[in-house]
Amino acid sequence: MATRAESRADEKAWFLRALLVLQSPRPVFAALRDDSDQAAEARQESVGALVWLAGIAGVLATSVAGTLLDDPARDGLIVAVWAFLAGGLYGFALYFVVGKVLHVSLRRLGSLGTFRRARHLLAFAAAPIALALCLYWPVRIAVYGGALFRTGGADGRGAGTVFAWLFYAFVAWSLVLLLVGVRTVHGWSWVRSLAGVVVAVAIAAALALAVSVLYDLG
């Protein structure tokens, strides 16, 4: 009973850290240094929540989302279900693929960390993107409504374009957290940490571009 209570307390602590990482990231990332099975299991649910929420926020920003309501047979409920399911798949696909890229990049620079810890580091760094689902997307949807999900909608012109680019402020915030996380977890210099992040982001971007080109050719 005591062990189960301690486990629940640890899980709650990690959910609180998922919020705390937005304000005070260093203590949260320092806690990731403990990569024991028990510690990893305790943060598994908070990691999953961050990945899924960030995935939904990310998939809403894709070009596919911008065409969902071109078919008059679809409505807002279809969009919501699609965002929930596709967001989960999108989030966890990036979680494993980009997590592996990050892990390999950091190993090249001397990291002894596991693939699991690299994934968890990436998940907590994605907290700002998950936050965008709660702050950015409700406002944007309230302003532009269904036009967000139609080709040539009002959201794609003038102020709407500026509003669309604001999403990438959350992405930039996540990249900063990733840099802070790498430095904190590994105890590296800023230069070494930046090198690891830049290499990982460059490889991930190249993979994304390759997939996009193949999709267009197909």
Side-chain angles (χ1 to χ4, degrees), residues 13-35 43 46-62 87 90-111 113-140 162-209:
W14 277 106
F15 273 109
L16 290 176
R17 289 187 180 110
L19 299 175
L20 181 63
V21 72
L22 298 167
Q23 179 184 1
S24 185
R26 286 185 179 86
V28 176
F29 289 123
L32 289 176
R33 292 171 182 163
D34 182 358
D35 193 37
R43 57 181 178 252
S46 56
V47 165
L50 285 170
V51 170
W52 202 304
L53 293 175
I56 296 173
V59 83
L60 286 172
T62 62
Y90 183 75
F92 279 99
L94 291 181
Y95 171 65
F96 283 100
V97 174
V98 179
K100 187 60 179 179
V101 169
L102 178 64
H103 177 237
V104 172
S105 300
L106 297 180
R107 294 277 289 186
R108 292 291 184 181
L109 290 171
S111 169
T114 63
F115 177 34
R116 179 175 64 189
R117 189 172 71 177
R119 295 197 313 270
H120 289 183
L121 171 58
L122 180 66
F124 278 92
I129 301 177
L131 180 66
L133 183 63
C134 303
L135 294 183
Y136 170 82
W137 283 110
V139 174
R140 194 173 177 206
V162 176
F163 204 168
W165 278 97
L166 284 177
F167 174 74
Y168 294 98
F170 291 91
V171 176
W173 185 2
S174 287
L175 290 175
V176 171
L177 283 187
L178 183 59
L179 173 60
V180 172
V182 169
R183 183 174 187 270
T184 302
V185 169
H186 295 90
W188 289 352
S189 66
W190 283 111
V191 173
R192 189 178 181 186
S193 302
L194 181 61
V197 171
V198 168
V199 170
V201 170
I203 295 174
L207 289 174
L209 179 61

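Treat the numbers as computed from the prediction; the structure is a model and nothing was measured.
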Worksheet item: Between Leu32 and Arg43, does a side-chain contact (heavy atoms from CB on, under 4.5 Å) hold up when you go through it step by step?
Response: CA-CA 9 Å; Leu32 289 176; Arg43 57 181 178 252; 3.5 Å; yes
Fill in: Derivation and outcome, side-chain contact (heavy atoms from CB on, under 4.5 Å), residues Leu22 and Trp173
CA-CA 9 Å; Leu22 298 167; Trp173 185 2; 3.9 Å; yes
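Here the side chain of Ser105 pairs no donor or acceptor atom with the backbone of Gly196 at under 3.5 angstrom.
Considering all non-hydrogen atoms of both residues, Pro27 and Ser24 come closest at CD-O, 3.2 Å. Across all non-hydrogen atoms, the minimal contact from Leu94 to Leu122 is O-CD2, 4.1 Å. Ala118 and Gly99 get closest at one heavy-atom pair: CB-O, 3.9 Å. Closest of all the heavy-atom pairs between Ala57 and Trp137 is O-NE1, 3.1 Å. Here the closest heavy-atom approach between residue Thr184 and residue Ala30 is recorded as CG2-N, 3.6 Å. In plain terms, the two heavy atoms of Arg140 and Ala164 that are nearest each other are NH2-CB, 3.3 Å.
Around CZ of Arg108, the count of heavy atoms belonging to other residues, nucleotides or ligands within 6.0 Å does not exceed 12.
Here the side chains of Trp52 and Tyr95 are not in contact, with every heavy-atom distance at 4.5 Å or above. Counting heavy atoms from C-beta outward, Leu178 and Phe124 have side chains that stay 4.5 Å or more apart. Between Leu19 and Phe15, the closest side-chain pair of non-hydrogen atoms is not below 4.5 Å.
Taking CG of Leu177 as the reference point, atom CZ of Arg26 lies at 10.5 Å (rounded to 0.5 Å). Here the CG-CZ distance, from Leu109 to Arg192, works out to 6.5 Å after rounding to the nearest 0.5 Å. Expressed to the nearest 0.5 Å, how far OG1 of Thr114 lies from NE2 of His120 amounts to 8.0 Å. Summarising the geometry, atom CZ belonging to Arg117 is positioned 9.0 Å from atom NE2 belonging to His103; distances are rounded to the nearest 0.5 Å.
For Ala204, the side chain to side chain contact (heavy atoms under 4.5 Å, CB included) partners two or more places apart in sequence, or in a different chain, are Val98. Partners of Ser193 under the side chain to side chain contact (heavy atoms under 4.5 Å, CB included) rule, at least two apart in sequence or in another chain, are Leu179, Val182, Arg183, Trp188. For Ala54, the side chain to side chain contact (heavy atoms under 4.5 Å, CB included) partners two or more places apart in sequence, or in a different chain, are Ala126, Ile129, Ala130.
Note on ring orientation: taking the six-membered ring where Trp is involved, the planes of Phe167 and Tyr136 are tilted (angle from 30° to 60°).
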